[in-house]
Amino acid sequence: MSGATIQKTLQKQVYQSGIIKEKHELCKRTSGAREINIQQVFYNGKELLLFEEITRLEEYSPARTEKSILKKIASGLMEQYGAYEFIELGPGDHSKISILLNATKGMNLKSVRYLPLDISQTAIRSSAESLVNTFPHLHVEGYALDFLSQFEPIQREPPTMICFFGSTIGNFEWAESLELLRNISLQMKKGDVLLLGMDLIKPEAVLHGAYNDAQGITAAFNKNILNSVNDLINSDFQTSDFDHLAFLNKEKFRMEMYLVANREVSVHSPHFIKDLQLKVGDSIHTENSHKYNSRHIQAIVEATGLKLNYTHTDERGWFALTEFQRG
Ligand code: AVI
């Protein structure tokens, strides 16, 4: 059967394991600490649009570079793996899988299954629907689930290519990213491949510019997290009370993003034990974005049981598409 189907049965589970868990984390972390942490509040609609704007910024190269690598290797990949089914973790605007599908050189897409996975049902629905418009014969089966903890419910028909583009892996804590990759590795069968996008370490000025763009889109993206939090826990954060801060943490090989209070702030939520009081300069840690080198890739191999087949990179060595199989 061609066309897009959304796996509705999993929606309730996502609500239970995802949103409530996030609320719980927020309550725990905001009871009196000076630096609070709200990473992993997942993107709402506006956040996704702002992220798409970021990907078009001159200063932000990962998305562009990854696509340029993908365009170069797509026909070779499809020659080798065209008969596979494709699972994509966090498909976004589906532009990357489209590059692969466009490289099929007249192959009959009726036989191709594409399974996008995302915690947001809206994201899955829009990605699946628009992909079916472009590739009417493609069989698209979207799953709204948290792939960090729920990879199992998917009915797979191996061999499978698992695509995890965009260096989204970099937004997880290092230990968490290894756990996710180990989990993926355990579910891979002989012959399955994982195509993983990784943003590489590059000059500090380039990284700084990418997360402090002149138009302030990244700042708007960062501040909008507070709107997502407000939606989630009925709080009254005001984005204008905070300034955007992003810098390279050289020891942890990651860009860190914060929101810093520019005035005394008091935030109320029925989910807080007491109102959150922030002084000028108090910060909220909103995001990490890890950057990798060959030693990190080797560490991934050692920790996850994955075997590295290839590393495809660009001339500047700023981004890598790494291809793994089960070791
Ligand atoms: C989605 N993710 C890979 C982006 C990144 O670069 O870590 C999110 C982002 N945050 C600020 N700019 C882009």
Side-chain angles (χ1 to χ4, degrees), residues 37-67 69-70 88-97 116-120 123-124 127 146-148 163-174 176-177 180-181 195-229 239 242-249 252-260 283-292 296 314 318-322:
N37 189 328
I38 52 168
Q39 294 161 58
Q40 290 180 28
V41 173
F42 36 87
Y43 297 178
N44 63 16
K46 187 164 176 212
E47 203 76 356
L48 280 174
L49 291 178
L50 285 167
F51 179 61
E52 275 172 29
E53 261 190 79
I54 289 176
T55 63
R56 289 192 289 271
L57 289 170
E58 187 58 38
E59 296 102 318
Y60 187 84
S61 65
R64 229 179 354 260
T65 311
E66 183 178 43
K67 280 188 209 167
I69 301 170
L70 206 49
E88 185 172 8
L89 312 183
D93 65 359
H94 70 265
S95 56
K96 292 163 197 154
I97 198 71
L117 273 52
D118 198 291
I119 195 153
S120 152
I124 284 293
S127 150
D146 175 6
F147 51 74
L148 194 59
C163 301
F164 195 15
F165 295 126
S167 202
T168 303
I169 191 75
N171 295 129
F172 293 96
E173 287 291 334
W174 173 247
E176 228 177 7
S177 68
L180 171 60
L181 294 174
L195 202 53
L196 178 68
M198 305 176 81
D199 198 20
L200 301 178
I201 291 161
K202 48 184 79 62
E204 184 170 357
V206 177
L207 285 171
H208 185 84
Y211 293 82
N212 292 280
D213 65 278
Q215 290 178 59
I217 310 291
T218 310
F221 170 85
N222 193 14
K223 289 181 191 178
N224 188 58
I225 288 174
L226 297 178
N227 295 327
S228 305
V229 173
T239 54
F242 294 89
D243 294 330
H244 167 73
L245 173 70
F247 58 85
L248 176 66
N249 180 330
K252 295 192 170 168
F253 293 90
R254 68 190 193 190
M255 288 301 292
E256 295 186 357
M257 293 210 314
Y258 294 82
L259 289 170
V260 185
S283 61
I284 302 175
H285 191 169
T286 46
E287 190 180 289
N288 292 316
S289 186
H290 290 81
K291 308 300 164 192
Y292 303 93
H296 294 115
D314 56 296
W318 280 9
F319 198 93
L321 261 175
T322 44

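Atoms within each ligand, like the ligands themselves, are counted from 1 in listed order.
By the ring pair (Phe, Tyr, Trp, His ring centres under 6.0 Å) test, His244 is found to be paired with no residue, residues two or more places apart in sequence or in another chain being considered. Remark: Trp174 pairs with His296 by the ring pair (Phe, Tyr, Trp, His ring centres under 6.0 Å) rule, at least two apart or across chains.
Taking 4.0 Å as the cut-off, Gly166 counts as a neighbour of ligand 1 on heavy-atom distance. Residue contact annotation: Ser167 has a non-hydrogen atom under 4.0 Å from ligand 1.
Looking at Leu196 and Leu181, their side chains come closer than 4.5 Å, going by heavy atoms from C-beta outward.
Between Tyr211 and ligand 1, an N or O atom pair is found at a separation short of 3.5 Å. Between Tyr60 and ligand 1, an N or O atom pair is found at a separation short of 3.5 Å.
Contact annotation for Asn171 and ligand 1: only side-chain heavy atoms (C-beta onward) come within less than 4.0 Å of the ligand.
The structure places OG1 of Thr286 at 10.5 Å from CZ of Phe242, a figure rounded to the nearest 0.5 Å.
Two rings, from Tyr258 and Phe247, have their centers less than 6.0 Å apart.
Evaluated by nearest non-hydrogen atom to atom 9 (C) of ligand 1, the leading choice among Met257, Glu287, His290 is Glu287.
Atoms of ligand 1 lying under 4.0 Å from at least one heavy atom of Ser289, given by number and element, are 5 (C), 6 (O), 7 (O).
In summary, of the residues considered (Val260, Asp243, Leu245), a side chain to side chain contact (heavy atoms under 4.5 Å, CB included) with Ser283 occurs for Val260 alone.
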